[in-house]
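Notes follow the structure.
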Amino acid sequence: MTDPYGFLRTPRSPVPARPADQRLGDWREVHAGQALLPLVSAQANRCMDCGLPFCHGGCPLGNLIPEWNAYAAHGHWQAASDRLHATNNFPEFTGRLCPAPCEDACVLTINADPVTIKNVEQTIADQAWEHGWTPPLPPARLSGRTVAVIGSGPAGLATAQQLTRAGHTVVVYERDDRIGGLLRYGIPAFKMEKTHLDRRIAQMRAEGTVFRTDCDVGGSLDAAGLRSRHDAVVVAVGATEPRELPVPGRELHGIHQAMEYLTCSNRVGEGDTAAPGITAAGRHVVVIGGGDTGSDCVGTALRQGALSVVQLDINPEPGAGRRDTEPWPVYPKVYRISHAHEEARGRDGTDPRVFSSATVHFEGDAAGRVRALHLTAVEPAARRPLPGTERVLEAGLVLLALGFSGPARASHLDEQLGLVRDTRGGFARTPDFAARGPSAPGPATSAPTPAHAPDGVFVAGDAGRGQSLVVWALAEGRAAAAAVDRYLTGTTELPAPIRADDRPLTA
């Protein structure tokens, strides 16, 4: 076990990022080259080994956090890796990308600083790769069943790896030219370098997973025909339909969706082009949207040489502490500074975000290019513009990071696989991840009949849940794989950490 007095003797000390001025000069991870040991071992030793570890509930994967904290504290890294990989297919992803709701659920958070769980997780995963403790795990025998996984984001990859290891022949279909989905083209390299993704894909190939790129299922490749050639299909296409901003001037040149902009930047990193098709270089940049995608745009624009970067958030500025409506162990909405915000703040000492603000309209020049953005303050509750608060921001590039409303509307997966959408725009499904189809017609006097599920079609990840965290995508992929295995064989030994209708902890 860990030191029972560790949390009293050792203060919380996260692994420091590289200095902001240094990391703005490259695209490497913000922690690249920073020494993780022995700092992380001492931090893992702060784990209380409490009787009821609520960090388990904060993590949808059910990670065995106290167990691998204890191993890490004593330097038993291989044992820590075994416990970590028992619940998480790709801990090097979550250790870098997850906002760590487990830390806000740590029992220490009640009246002290939580364990640096995210740093410990990343260190264990990196140690495992460095020492060769993550070999391919091909199945001992094949089941003779085939499964098509549509989409190669985190949910699709987790589904595919679990089913491959269970003995099924899995083919992953990706519409882009490379495997990885959001991990490949949506996440900037300064948050996660693509080498981590590439070696996992190589591991999966060695285990027997087959990958097919440039396959637009629902478009050039008929989804119904794909279903007929496989014993089951898992739809894991993510939530890629961007929300729009219908205000005057939206048609001006220089206003782009955030994911379009981030993809252009990531393709430069992949060596496809020498320069991005959309660049912030020499421009005043305004990012509309206060979430993680908006923060990624801020960090990208700074590295491209933007003259200035402002991020607009319609929500009010959060407080420094939990509100009564968000008690421990709920993941609270509190004031947080991302590494990109820290980099932007280093220029003039101010937060690049403008809270409680809404865009009224865009202004363009004679050539039809955006040159300014008009915004107002808004009432916190009703989000209505406040008269007399309008002001103008100079803008040569505007990026819309307003979130997503389900899978792409133009995918045609709906009609080809018999899927229907729920009220939030995602593909409807049962608690066991099976897709729901259109309701069967019945007599006018009868009660509505249950929705008919397309046989052998399952929905995993953001395609059904809506935009969420990478850790929820992995949990969905693992649980959906268990559902598919049960459908194919009548039983399963694969873990199912969540149901499709599970949600994060709330008060």
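For the numbers below, each heavy atom of this structure counts, side chains included, while hydrogens, waters and symmetry mates do not.
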>> Between R499 and D432, is the salt bridge (Lys or Arg N to Asp or Glu O under 4.0 Å) condition met? List the steps.
In response: CA-CA 6 Å; R499 288 161 42 106; D432 292 326; 5.1 Å; no

>> Run F90 and L197 through side-chain contact (heavy atoms from CB on, under 4.5 Å) and show every step you take.
In response: CA-CA 9 Å; F90 314 121; L197 177 59; over 6 Å; no

>> Assess the residue pair Y487 and D455 against the criterion (side-chain hydrogen bond (donor to acceptor under 3.5 Å, both in side chains)); give the C-alpha distance rounded to whole Å, side-chain angles, the decisive distance to 0.1 Å, and a yes or no.
In response: CA-CA 10 Å; Y487 168 79; D455 184 52; 3.0 Å; yes

>> Please evaluate residues T209 and T164 with respect to the criterion side-chain hydrogen bond (donor to acceptor under 3.5 Å, both in side chains), reporting the C-alpha separation (whole Å), side-chain torsions for both, the decisive distance (0.1 Å), and the verdict.
In response: CA-CA 6 Å; T209 302; T164 296; 2.7 Å; yes

>> Before you tell me yes or no, could you show the steps for T300 and L262 under side-chain contact (heavy atoms from CB on, under 4.5 Å), namely the whole-Å CA-CA distance, both residues' side-chain angles and the distance that decides it to 0.1 Å?
In response: CA-CA 8 Å; T300 300; L262 292 174; 3.6 Å; yes

> Do W27 and S265 pass the side-chain contact (heavy atoms from CB on, under 4.5 Å) test, and can you show the C-alpha distance, the side-chain angles, and the key distance before you say yes or no?
Replying inline: CA-CA 10 Å; W27 291 87; S265 176; 3.6 Å; yes

>> Go through it in stages, so that I can follow the logic: the residues are Q122 and H31, the test is side-chain hydrogen bond (donor to acceptor under 3.5 Å, both in side chains), and I'd like the CA-CA distance, side-chain angles, deciding distance and then a yes or no.
In response: CA-CA 11 Å; Q122 178 184 335; H31 292 100; 5.1 Å; no

> Given R336 and D104, is the salt bridge (Lys or Arg N to Asp or Glu O under 4.0 Å) satisfied, shown in steps?
Replying inline: CA-CA 13 Å; R336 304 174 193 268; D104 285 285; 3.7 Å; yes

> side-chain hydrogen bond (donor to acceptor under 3.5 Å, both in side chains) between N89 and Q161: does it pass, once the steps are laid out?
Replying inline: CA-CA 8 Å; N89 294 71; Q161 185 167 68; 2.8 Å; yes

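At a cut-off of 3.5 Å, with distance as the only test, a side-chain donor of N88 or T94 sits close to an acceptor on the other residue.
Applying the side-chain hydrogen bond (donor to acceptor under 3.5 Å, both in side chains) criterion to R199, with sequence neighbours excluded, gives H196.
Atom-to-atom distance recorded for C297:SG and I288:CD1 is 11.0 Å, nearest 0.5 angstrom. A distance of 5.5 Å separates CG in L137 from CD in E207, rounded to the nearest 0.5 Å. Annotation: the span from D296 atom CG to S338 atom OG amounts to 8.0 Å, rounded to 0.5 Å. For the atom pair C215 SG and I150 CD1, the distance stands at 10.5 Å (nearest 0.5 Å). Residue L402 holds its CG atom at 10.0 Å from OG1 of T293, rounded to the nearest 0.5 Å.
At distances below 3.5 Å, at least one donor-acceptor pair connects side-chain atoms of D422 with backbone N or O atoms of G425. Not a single donor-acceptor pair under 3.5 Å links the side chain of Q203 to the backbone N or O of P136. Side chain of T159 to backbone of G477: a donor-acceptor contact under 3.5 angstrom is found. In this structure, the side chain of E476 does not engage the main chain of A155 through any donor-acceptor pair within 3.5 Å. Of the possible donor and acceptor atoms, one in the side chain of K118 sits under 3.5 Å from a partner among the backbone N and O of C98. In this structure a side-chain-to-backbone donor-acceptor pair under 3.5 Å is missing from T109 to A105. Checking side-chain atoms of R227 against main-chain N and O of H230 turns up a donor-acceptor pair under 3.5 Å. Of the possible polar contacts, one joining the Q304 side chain to the A280 backbone as a donor-acceptor pair under 3.5 Å is found. Using a distance-only test at 3.5 Å, with no hydrogens or angles considered, a donor-acceptor pair links the side chain of S152 to the main chain of G180. Between the side chain of W328 and the backbone N or O of C106 there is at least one donor-acceptor pair closer than 3.5 Å.
Counting only residues at least two apart or on different chains, no salt bridge (charged side-chain N to carboxylate O under 4.0 Å, His left out) pair has a member in residues 255-265. Sorted by first and then second residue, the pairs that involve residues 237-248 and meet salt bridge (charged side-chain N to carboxylate O under 4.0 Å, His left out), not counting sequence neighbours, are E244-R250. Residue pairs meeting the salt bridge (charged side-chain N to carboxylate O under 4.0 Å, His left out) criterion with at least one partner in residues 171-189, sequence neighbours excluded, are D177-R267, R178-E270, R178-D272, R184-D198, R184-E270. Judged as a salt bridge (charged side-chain N to carboxylate O under 4.0 Å, His left out), the pairs with a partner in residues 326-335 (not counting sequence neighbours) are, in order, R323-E326.
At a threshold of 4.5 Å between non-hydrogen side-chain atoms, the residues W129 and E92 count as touching. The side-chain heavy atoms of F427 and V235, taken from C-beta on, include a pair separated by under 4.5 Å. Within the 4.5 Å cutoff, the side chain of V147 has no heavy atoms near those of the V171 side chain. R145 is not listed as a side-chain neighbour of L163, based on a closest heavy-atom distance of 4.5 Å or more. Put simply, the side chain of L245 reaches to within 4.5 Å of the side chain of F362, judged on heavy atoms. V420 is not listed as a side-chain neighbour of D414, based on a closest heavy-atom distance of 4.5 Å or more. With a 4.5 Å cut-off on side-chain heavy atoms, V310 and P352 do not count as touching. In this structure, the side chains of L182 and T240 stay at 4.5 Å or more apart for every pair of heavy atoms.
Aromatic pair Y173/F211: ring centres not closer than 6.0 Å.
Nearest heavy atoms, I117 versus C55: CD1-CB, 4.2 Å. When all heavy atoms are compared, the tightest approach of Y185 to N266 is O-ND2, 2.7 Å. Scanning both residues, R436 and P454, for their nearest heavy atoms gives C-CD, 3.7 Å. Looking at every heavy atom in both residues, G299 comes nearest to A340 through N-CB, 3.5 Å. Nearest heavy atoms, R424 versus G464: NH2-O, 3.6 Å. Across every non-hydrogen atom of V378 and I314, the tightest pair is CG2-O, 3.7 Å.
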Identify all side-chain donor-acceptor contacts of residues 57-64 below 3.5 Å with residues at least two apart in sequence or on another chain.
| from | atom 1 | to | atom 2 | distance (Å) |
| --- | --- | --- | --- | --- |
| N63 | OD1 | T87 | OG1 | 2.5 |

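Taking the ring centre of Y335 as origin, the terminal cationic atom of R353 falls inside the region bounded by 6.0 Å and 45° from the ring axis.
At most 12 non-hydrogen atoms from other residues, nucleotides or ligands lie less than 6.0 angstrom from CD of E493. Within a 6.0 Å radius of CG in D292, other residues, nucleotides and ligands contribute 12 heavy atoms or fewer. Atom NE2 of H361 has more than 12 neighbouring heavy atoms from other residues, nucleotides or ligands inside a 6.0 Å radius.
A salt bridge does not link K191 with E29: every distance from a Lys NZ or Arg NE/NH1/NH2 to an Asp or Glu carboxylate oxygen is 4.0 Å or more. For the pair E121 and R96, the salt-bridge criterion is not met [side-chain N within less than 4.0 Å of a carboxylate O].
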